[in-house]
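Written below as structure tokens is the structure these notes are about.
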Amino acid sequence: MLSIKNLHASIDDKEILKGIDLEIKAGEVHAIMGPNGSGKSTLSSVLAGREEYEVTSGTVDFDGKDLLDMSPEDRAKEGLFLAFQYPVEIPGVSNVNFLKTAINEKRAHFNQEPVSAKDFLAMVKEKSALVELDSKLASRSVNEGFSGGEKKRNEIFQMAMLEPKLSILDETDSGLDIDALRIVANGVNKLKSPNNATVVITHYQRLLDYIVPDYVHVLYNGKIVKSGTKELALELEEKGYDWIKQEVDLA
Amino acid sequence: MTTAELTKKDIFLETLSTLDFNETEHFLALRKNAMKELESLEFPTSKTEYWKYTRVGKIINNKYELGISKEVDVQPYLIENLDANILVVVNGFYQASLSKIDSESGITITSLSYAKKQELEGVKTHFNQFTQDKSEIFLAINNVYHTDGIYIEVEKNTQSTKPIHIINITTGDNILSQSRNLVVANVGSEVKVIESFINEEGSANFLNHVSEFFVAENAKVEYNKIQDKKENNYSVTTEQVYQEANSNFTINTATFNGALVRNNLNIEVDASNCETNLSGLYLGQNKDHIDNHTVVDHKKPHCNSNEVYKGVLDDESTGVFNGKVYVRQDAQITNAFQQNNNILLTDNASVNSKPELEIYADDVKCSHGSTTGQIDEEAIFYLQSRGISKRGAMKLMINAFAKDALERISIEPLQEYIDQKIEERFA
């Protein structure tokens, strides 16, 4: 589904990603872990298409298409979803109205009719229940006045509405208490299917107790320096990142 | 006096001096009195604080002709689905043939000239009552030379069922017009007025318009002002509002265009338990210059005022906001809230924003704030990341910002009309 080869990216002429290689197949859950400043958020930003980042070399293939050649909105329409670490508040723009616009733009992209008001409402009801998001919040301005937990649940609600092929959850666990974490993880798990894939970017192992990854990768200094299964996450939780840093620095 | 000695003011007034007013002694005396004031006033310069950000050169250097009344097709200026009394003023003259008034008991809707001729009590008592000796030259010029306009009076405890829609049109080239309205809302009455300021055709027209509002005890007045002059035209409009106890006055101003627009809104809250709402939206484009100067003068205790003005400025347009709130010594327990927010869409658009509070009472709640910025890039990216184009995202955000400014409009078809105009602008 997603194939990243030798990806280099920089911001303000400072190289952050220094050659990332990653293969993700449908049905898989990948976790990307790593210490602060290792490039985790840069990777998600580059994949989502943030303009500030410049890709200096490498390729990203998304279901046979050149991802890096697409605008952020086309990436979304093709089925990429980024759950933001810091969801943005947009006063005056209603959550459901903008989602309806987004869904219809996606449908138009695939030459489909716009969603009917009835179907859309049914969808809002079903998907907001998935993350226990109050339907009142669904119709309010995007994230305005939402608590930290509500913002993260709203991200997963949007993900459920847009039905992406590949979801990237950028530090979705940050700022969540244990109950909110469980709700968010539950939502993600229910959306899992053999046809989609999930990338969980996190600093801590905690989230991975709930969203169990098939593969765990450690990002350090702009490269994936170690890959393994879920046991690697447990090892990191126990021993921290220093041993990996040492291994890399010695090599 | 030789030609060489003529000032800009002399030349400007010369055009108007040929106007002849066939009025009763009472009203001629008011004009004469205003003339005395006008003689002592000069056009503002860049040193005049009240006009610091708006140069009137464009207005006063132009050579004008007097406008004449003319048949105009008003169909394009009607508001869809709005059942209203329609009143048409062209180049400062009332157009009876284009107007449509359903008579309603307790409500007087006529041309101002007719009301004056009949010496109706409301006109005699309130006309020019709050517009004398204000030391503002454009106001003084209108006091002396206003031609015609609309008179509305609502009797005690009467609610007008239909809104009143005034369509104030200028047409022709280099036309100078001086229109004038008076709205008298007696005790416990209620009225809603819409006024559309339109230019039919021609450029370099100047409209100097004045509306007076007398809002008696327990009365409620809503005035909605739509300014939409696409061509290169100039307007100075002044509202002079006087509120008595327990009254409610709301004004919503939507400015869509204007080479030079100056709005002077002055509200005197001279009794307790009043509510005053001032909202404005200005959308500048090309080289538009849109200036809103507002004054709310709280003189008595226990009153609330809410002011929100929002601007979206595109191309090389300029916005000016100067909002002044006075809370006099007697005006304890005043709640005065004021806010001005602006979005600049280009590097060449600009805004001068000056919120001011002058408080002489000690037990009050007042706040004011002003923001000017670009559209939040982070929000744009967020919407893009959900599949909405950059253009679509901008549109969503500007619409949201702009529509929020005029949510106090209570006439639904008008709200829809304005929302649609906003959407058309940013389509």
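As the structure is a prediction and not an experimental result, all values here were calculated from the model. Here is the naming used below: chain letters follow the sequence lines, and residue numbers restart at 1 for every chain.
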- In this structure, CD1 of B/I388 is separated from CZ of A/F98 (nearest 0.5 Å) by 5.5 Å

Mind listing the closest non-hydrogen atom pair of [X] and [Y] along with its distance?
{"X": "A/A76", "Y": "B/Q384", "result": "CB-O, 4.0 Å"}
{"X": "B/M397", "Y": "A/V93", "result": "CA-CG2, 4.2 Å"}
{"X": "A/P91", "Y": "B/A400", "result": "O-CB, 3.9 Å"}

- Message: Is it true that, when you exclude B/K220 itself, more than 12 heavy atoms of the residues, nucleotides or ligands shown sit nearer than 6.0 Å to its NZ?
- Response: no

- Query: Is atom CG of A/D66 surrounded by more than 12 heavy atoms (other residues, nucleotides or ligands) closer than 6.0 Å?
  - Reply: yes

Give, as side chain, backbone, both or neither, the part of [X] having an atom under 4.5 angstrom from any heavy atom of chain B.
{"X": "A/P164", "value": "neither"}
{"X": "A/F81", "value": "side chain"}
{"X": "A/N143", "value": "side chain"}

- Find out whether B/F381 and A/F84 are in side-chain contact, i.e. whether some heavy atom of one side chain is under 4.5 Å from a heavy atom of the other.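 Counting from C-beta outward, B/F381 and A/F84 do come under 4.5 Å.
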
- Message: Does anything in residues 377-397 of chain B form a salt bridge (Lys or Arg N to Asp or Glu O under 4.0 Å)? List the pairs, not counting sequence neighbours.
- Response: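 Counting only pairs at least two positions apart or across chains, the salt bridge (Lys or Arg N to Asp or Glu O under 4.0 Å) contacts touching residues 377-397 of chain B are A/R50-B/E378, A/E51-B/K390, A/E155-B/R386.
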
- Heavy-atom distances under 4.5 Å only: say whether B/F401 touches chain A with side chain, backbone, both or neither. neither

